[in-house]
Every structure is written in C-alpha cells, then in structure tokens.
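Quick note: numbers below take in every heavy atom, side chains included, and nothing from hydrogens, waters or symmetry partners.
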Amino acid sequence: MLLQTFPSFQPRVQDIDLQCSRDRIRSPGSPTSSESSQLSKLISNAEQDLSDYEKDIQSVENVLLDLSKKKEELERYVDHCKSYLSPIRRLPTEIMGEIFLNYQDLHMSDREDRQFRGPLTRPLYSSPAMTALVLSSVCKLWHTITLATPQLWSRFSLRIRGKCGSLSHLLEIYLSRSKQHPLTFDVVVNGDGPNSNIIIRLLSAHSHRWFFANCDGRCPGLNMQLDLPLLQSLEMQYEDADSLNAFAGARALRTVSLVGIPRFLLSNLPWDQIQFLRALELSTGDVGLPKYVWELAQKCPALCSLELGFSDYSPHEPAVFTSSLYLSKLESLCLWFVNWCDFCELFSVSTLPSLRKLSLELHPFEPPGSDTATFSAFISRSQCSISILRLENLQKSTVQLACGMLHHIPTLIELILEECLYSTNQGPPVMATLIAALRISPSPVEVDRQAGESKPALPLLRRLAMEGRADNFPTSRFVDMLESRGMLAGGSLGALKSVRLFLQWSNDAKDFTLPLLQPLEAWPGVEIIASTRTSRRCLRDEDSERWV
C-alpha cells in the first residue's frame, strides 16, 4: 500500500523508450532544429522528474529506517520480557553468588594450586578476566548480587611497578567490596617507589583479614607490628630470612612455602605451630642432610607435611650425625635432588611413625653397591604404613634401588614412577626393569594354595602411574604385568583399579603407535597418553613440569 502512493507527483516524461534513444545515437547525421527543441524540453522535464524521484526515494528510505528502528526496539523489548521471565531470576541471590564463585574458579590461574586470583594488573603468564568486575557490570541485579558476595572480591593478584597509580584505586574497590571477608592475594613487587608504598600501606591496613599471602619481592612498609590473626598460609620467594619477621605475629599460621630463602629458620616465624612446610632451592652446606633436617625438626615438631628441594647435592661422605630424628605427626615427606646415600643416612636416624606418603627425586649417578637395607630398617623401626610412593628421575643407576624399595612397603596403595626422559644410559630400558618388579609371578607352590593365601609383592596396590619413553617401551611386558595383577583378567581381590601411562616419543620417531596398548584404552580404569615432545608442552604445566 505504501508503494502504491509513489510517485507522489505526475511524471512529466511519460514514455521512456531506451531502444529508440540508443538507435538515435548510433544513427549518422545530426538532429534537426525541431528535434533539438523537443529534446531540450524533454531533458528539462526529465531533470525535474529526477529531482522529484530523489525526494520520493528519500521519503521511502526514511520510512524504511523508521520501520527498522521500530523492529529493533520490538526485538529488544521481547528479549527484555523473556529475560524477565528467565528461570534464573527465580534463584535466590545466595545460589547466584555460589554460581558466580564457581564461574570464577573456572578461570583458575598460573598457580600450582589452581586457585583463582583476580588480576588487578596484567598477570605474568596468563590473562584471566577480572571476573568480579565483569560479572558486576552485566546488569543491576548481577551488580547487586556481586556486592552481596564479598568472596568474589577477596581473591586478587597484583604486580607493583614504578608507575601504577591507578592500581591503588582498583585495589580500594576490591578491599571495600570484599567487606570483612578473609583476603587471599598474590603480590609481586618490582622496585620501590611512592606508589609501591601506598599500595602496601593499603594492604597492611587490612592485615587483620589476611588469610593467604603470597609475596614475591621485598614489600616496603611491612613491619613486625602487623596484626595477623587470620593468616594461615604464607608464600615468599627470593628474600632473606629477615623479610619473614614481618609475619611473626601470625598466630594462626599453619602453612609456609618458601623459594630461595636458605636460612629461613633464623626468622621469628612461629615455627612450632607450622604443620605444612615447603622450601625449595636450599643448600645443606657441609652439615649434611640428616643434621639439616634434624635442626628443622627441632623447630617444627608439629609438621604433618614436609617438602624440601635442594639446588646442590649434599656431600657423598657421611656427616657422622648420630642424633635421633623423631616427628610423630609427619604424614608426607618429599625430597628433591638428593643422593641415595644421604637419604639412607637420614633414614638411619629417623623414626616417622605416621608417614603415609613418600616422594623422592634421586641423584642420577649413584655409587655402585647401594642397597635398601637402611630403608627396610627404617620401615621396621617406624612401624609406618606408607600408602603412596612417588619416585622421579629414575635412570639405570637408580632403578634397582627403586625396585628394592617396593619389596619393603607391603602397605602401598598408590605408586607413581617417572623415568628420566633425557638419560643417555645404555642397557635395559628403565621401564622394563620396573615392570618386571611389579609383575606377580606365583611359584608352583603358590598356585596350589587355596585362594586368598598367596601374598604377592605390593598386595594392596590399587593405583599405578608410570611416565617414560615410548620408543623402547616394553608393551607386551606391560600388558602381561596388568594381567598378572588381575586388572585384565576379570579383576580380583587386590587387583589394580586405576592405571595411568604417560609416554613420550622422541623427535626422531616416525611411527607413533603402540599396537598392543591400543585395546587397553577402552578398558575401565586405564588411561594412556602418548605424545611427542611438541605435544607434550600442551599436556604439562610449564611451571611445575607436571602432567596436567
């Protein structure tokens, strides 16, 4: 109907014959005087018609624009009505707050514990969103819910540089909206300056709410007068022991993680109440590993978990240490970069009755003749029930020690074995030796026994994880070992329930298949990951060098 009203004028040029006009142009000769007069009048009328047509077109375009605008407004109106009727609006605000918290945790962070910290500044290794600010900007309802959920604003990370004036304003927003909820934060300080002092003073003003603090670099403005009644976990990197004194008033401190602070015991932290201690890049000096751990045990008698990583290898010669080391509550012990002889000397003087988890990364070059007698005596003396054992960096020189340990831990439930992937040692593959030790091969006498009387090595082993080379992996022996343990034979009492196998192909490999292992991938409880060195980077966490 709208188009029927156009054109809105009476066209002056009614008959338009394009073919006649083309023929006239192609014909020879020139127009007569009467033809010229007629054409001039026709051109004048046509130009007036063109102007009128342009006005009509503009009117139509305005009508179309108005119709399009009304259509878009109607679409938005319908969307708003649908949003208002959305079931999510019927959820209580407390449930919505929990959903927001779960959404926030999905972003994680570059930290090993995978606990999210909203980056108030650009993070070092990744760029997760500032989820609290994003969620609060969606709509008024969500803004209200985020303000009523202080936990969203209580976890953040920040890097303090020379120029960071806007950071203090953003930090004030988070500190204000987190209300009185305990604070969990990471702070990296790169250089001193007026802005650094302002930000540290802002944080210090809320020290009574600190729950988890991770400080990388010297924090100007921190002092021993801080009130830290809630602080339970502290992480610090590459500072001196005096920097720890700022946290001496942390009466509830239970967990401490340190990197590059070798003389940390000289600080005034409440060491007698620490239950979880992790210290990396240490040096035992000339005192030897046993005395080093003994001194630590004297200050930290309440330890439940202890992780020590050394940047140098302690002396091979015994340190002639005779004192007894006793930690009644220690359940987990992890030692990285240690010699077997130093480990044996440590265990020769140790009694750990509550030990449940043991993790070792041994020096790759062990002297010949090393045995496990000392370890066996430790197990007998401590009467501990180790259920989880992790052995890393296994090579030809240490694999026999690993196999020897297995026969002295009958309570083992979970076993993690990692072969050194860059070893050039010749000889039988490390994994072949380990698999042979894990295989149950009953003697004819045991076969004749009644069911349940056989007592194979590691009878309680339920979970097994192995990481090694794919190029020379003994696939048939591996399958045979699983069958001997009942995993592929219908299952039995004491059979394996979970097996994770990580295999890495070398860059020179051309065939990336393990035919005998392919059928196992469909078996319940079996997970097999094979990778090249390139794809391995996508499967491992770059910081911790662990499989994701």
Side-chain angles (χ1 to χ4, degrees), residues 112-115 212 232-235 250 252-259 264-265 269-280 282 289-310 323-338 340 342-362 372 374-392 402 405-418 458-465 497-498 544 546:
E112 286 186 27
D113 57 16
R114 300 296 181 185
Q115 293 181 356
F212 185 115
Q232 292 190 14
S233 183
L234 171 65
E235 294 185 1
L253 191 62
R254 295 295 182 269
T255 302
V256 175
S257 179
L258 308 171
V259 178
F264 59 88
L265 288 177
L269 284 184
W271 294 110
D272 58 336
Q273 65 189 35
I274 302 302
Q275 298 178 0
F276 304 90
L277 174 61
R278 185 188 192 206
L280 305 181
L282 302 175
L289 181 63
K291 185 176 181 180
Y292 188 92
V293 179
W294 179 84
E295 292 177 348
L296 188 150
Q298 303 310 301
K299 281 205 167 187
C300 308
L303 279 177
C304 295
S305 176
L306 175 62
E307 297 183 35
L308 299 177
F310 299 93
S323 300
S324 298
L325 189 154
Y326 183 82
L327 287 170
S328 61
K329 300 180 180 179
L330 190 67
E331 297 181 1
S332 176
L333 175 63
C334 179
L335 299 174
W336 295 332
F337 306 113
V338 294
W340 178 257
D342 297 304
F343 169 75
C344 287
E345 188 181 1
L346 170 64
F347 272 49
S348 67
V349 298
S350 301
T351 302
L352 309 174
S354 300
L355 190 63
R356 298 292 180 268
K357 178 181 179 180
L358 178 62
S359 179
L360 298 175
E361 183 170 348
L362 300 174
T372 58
T374 303
F375 179 72
S376 175
F378 160 76
I379 296 292
S380 177
R381 179 175 61 255
S382 297
Q383 292 294 301
C384 57
S385 300
I386 298 178
S387 58
I388 301 176
L389 176 64
R390 185 186 193 111
L391 300 175
E392 303 181 39
M405 291 178 65
L406 300 181
H407 296 290
H408 299 294
I409 317 177
T411 56
L412 205 58
I413 294 177
E414 182 173 352
L415 177 62
I416 303 101
L417 301 170
E418 296 184 11
L458 311 181
L460 298 179
L461 192 61
R462 294 290 187 271
R463 296 179 294 275
L464 174 64
K497 301 300 181 184
S498 171
S544 63
R546 296 283 191 273

Student: Residues two or more places apart in sequence or in another chain: which of them pass ring-ring contact (aromatic ring centres under 6.0 Å, His included) with Phe276?
Tutor: none
Student: Is the shortest heavy-atom distance from the side chain of Leu333 to the side chain of Phe347 under 4.5 Å?
Tutor: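 In contact.
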Student: Determine whether the aromatic ring centres of Trp271 and Phe264 lie less than 6.0 Å apart.
Tutor: yes
Student: Please list all pairs passing the salt bridge (charged side-chain N to carboxylate O under 4.0 Å, His left out) test where one or both residues lie in residues 375-388, with sequence neighbours left out.
Tutor: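 As it turns out, there is no salt bridge (charged side-chain N to carboxylate O under 4.0 Å, His left out) pair with a partner in residues 375-388 once direct neighbours are skipped.
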Student: Tell me every residue that passes side-chain hydrogen bond (donor to acceptor under 3.5 Å, both in side chains) with Ser376, counting only those two or more places apart in sequence or in another chain.
Tutor: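 Ser376 satisfies side-chain hydrogen bond (donor to acceptor under 3.5 Å, both in side chains) with His408 once adjacent residues are dropped.
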Student: Could you tell me whether Arg390 and Glu418 have a side-chain N and a carboxylate O separated by less than 4.0 Å?
Tutor: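 A salt bridge links Arg390 with Glu418.
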Student: Hey, could you give me the CG/CG distance between Leu296 and Leu303, rounded to the nearest 0.5 Å?
Tutor: 6.0 Å
Student: Could you measure the distance from the SG atom of Cys344 to the CG atom of Leu289? Nearest 0.5 Å is fine.
Tutor: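 So the SG of Cys344 and the CG of Leu289 are separated by 11.0 Å.
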Student: Quick one: does Glu235's side chain get under 4.5 Å of Leu258's, heavy atoms only?
Tutor: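 Heavy-atom side-chain distance check fails, nothing below 4.5 Å.
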Student: With rounding to the nearest 0.5 angstrom, report the OG1 to CG distance, Thr255 to Leu234.
Tutor: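 Atom-to-atom, Thr255:OG1 and Leu234:CG are 10.0 Å apart.
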Student: To check you understand the geometry: which heavy-atom pair defines the closest contact between Leu265 and Lys299, and what is its length?
Tutor: O-NZ, 2.6 Å
Student: Which heavy-atom pair separates Asp272 from Ala302 by the least distance, and what is that distance?
Tutor: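 Asp272 and Ala302 have their closest heavy atoms at O-CB, 3.7 Å.
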Student: List for me each residue that meets side-chain contact (heavy atoms from CB on, under 4.5 Å) alongside Gln273, sequence neighbours excluded, and say none if there are none.
Tutor: Leu253, Arg254, Pro270
Student: Is the closest side-chain heavy-atom distance between Ile413 and Leu461 below 4.5 Å?
Tutor: no
Student: Could you check if a side-chain atom of Thr411 sits within less than 4.5 angstrom of a side-chain atom of Ile409, using non-hydrogen atoms only?
Tutor: yes
Student: Run the numbers on Leu335 and Leu358 for side chain to side chain contact (heavy atoms under 4.5 Å, CB included), then give the verdict.
Tutor: CA-CA 8 Å; Leu335 299 174; Leu358 178 62; 5.9 Å; no
Student: At what distance, to the nearest 0.5 angstrom, does OG of Ser359 lie from CD1 of Ile416?
Tutor: 7.5 Å
Student: Main chain of Leu360, side chain of Trp336: is a donor-acceptor contact present, judged purely on distance under 3.5 Å?
Tutor: no
Student: For residues Pro301 and Tyr326, determine if any side-chain heavy atom of one lies less than 4.5 Å from a side-chain heavy atom of the other.
Tutor: no
Student: Minimum heavy-atom separation for Val349 and Ser323, please, with both atom names.
Tutor: CB-O, 3.3 Å
Student: Who are the ring-ring contact (aromatic ring centres under 6.0 Å, His included) partners of Phe375, not counting sequence neighbours?
Tutor: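 Result, ring-ring contact (aromatic ring centres under 6.0 Å, His included) vs Phe375: none returned.
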Student: Could you work out, with side-chain hydrogen bond (donor to acceptor under 3.5 Å, both in side chains) as the rule, every residue matching Glu414, not counting sequence neighbours?
Tutor: Arg463
Student: Looking at residues at least two apart in the chain, or sitting in another chain, which of them share a side-chain contact (heavy atoms from CB on, under 4.5 Å) with Ser354?
Tutor: Glu331
Student: For residues 382-389, which side-chain N or O atoms pair as donor and acceptor with protein atoms under 3.5 Å away, sequence neighbours left out?
Tutor:
{"unit_1": "Ser382", "atom_1": "OG", "unit_2": "Leu352", "atom_2": "N", "d": "3.0"}
{"unit_1": "Ser382", "atom_1": "OG", "unit_2": "Phe378", "atom_2": "O", "d": "3.1"}
{"unit_1": "Gln383", "atom_1": "NE2", "unit_2": "Ser380", "atom_2": "O", "d": "2.6"}
{"unit_1": "Ser387", "atom_1": "OG", "unit_2": "Arg356", "atom_2": "O", "d": "3.4"}

Student: Under the rule for side-chain hydrogen bond (donor to acceptor under 3.5 Å, both in side chains), what residues qualify as partners of Glu307, not counting sequence neighbours?
Tutor: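 Only Arg278 meet the side-chain hydrogen bond (donor to acceptor under 3.5 Å, both in side chains) criterion with Glu307.
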Student: Distance check, rounded to the nearest 0.5 Å: Leu327 atom CG versus Thr351 atom OG1?
Tutor: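 Taking CG in Leu327 and OG1 in Thr351, the distance rounds to 10.0 Å.
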Student: Using 0.5 Å steps for rounding, measure from the OH atom of Tyr292 to the CG atom of Leu325.
Tutor: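 Spacing of OH (Tyr292) from CG (Leu325) equals 13.5 Å.
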Student: Taking atom NZ of Lys357 as the centre, report whether more than 12 heavy atoms of other residues, nucleotides or ligands fall under 6.0 Å from it.
Tutor: no
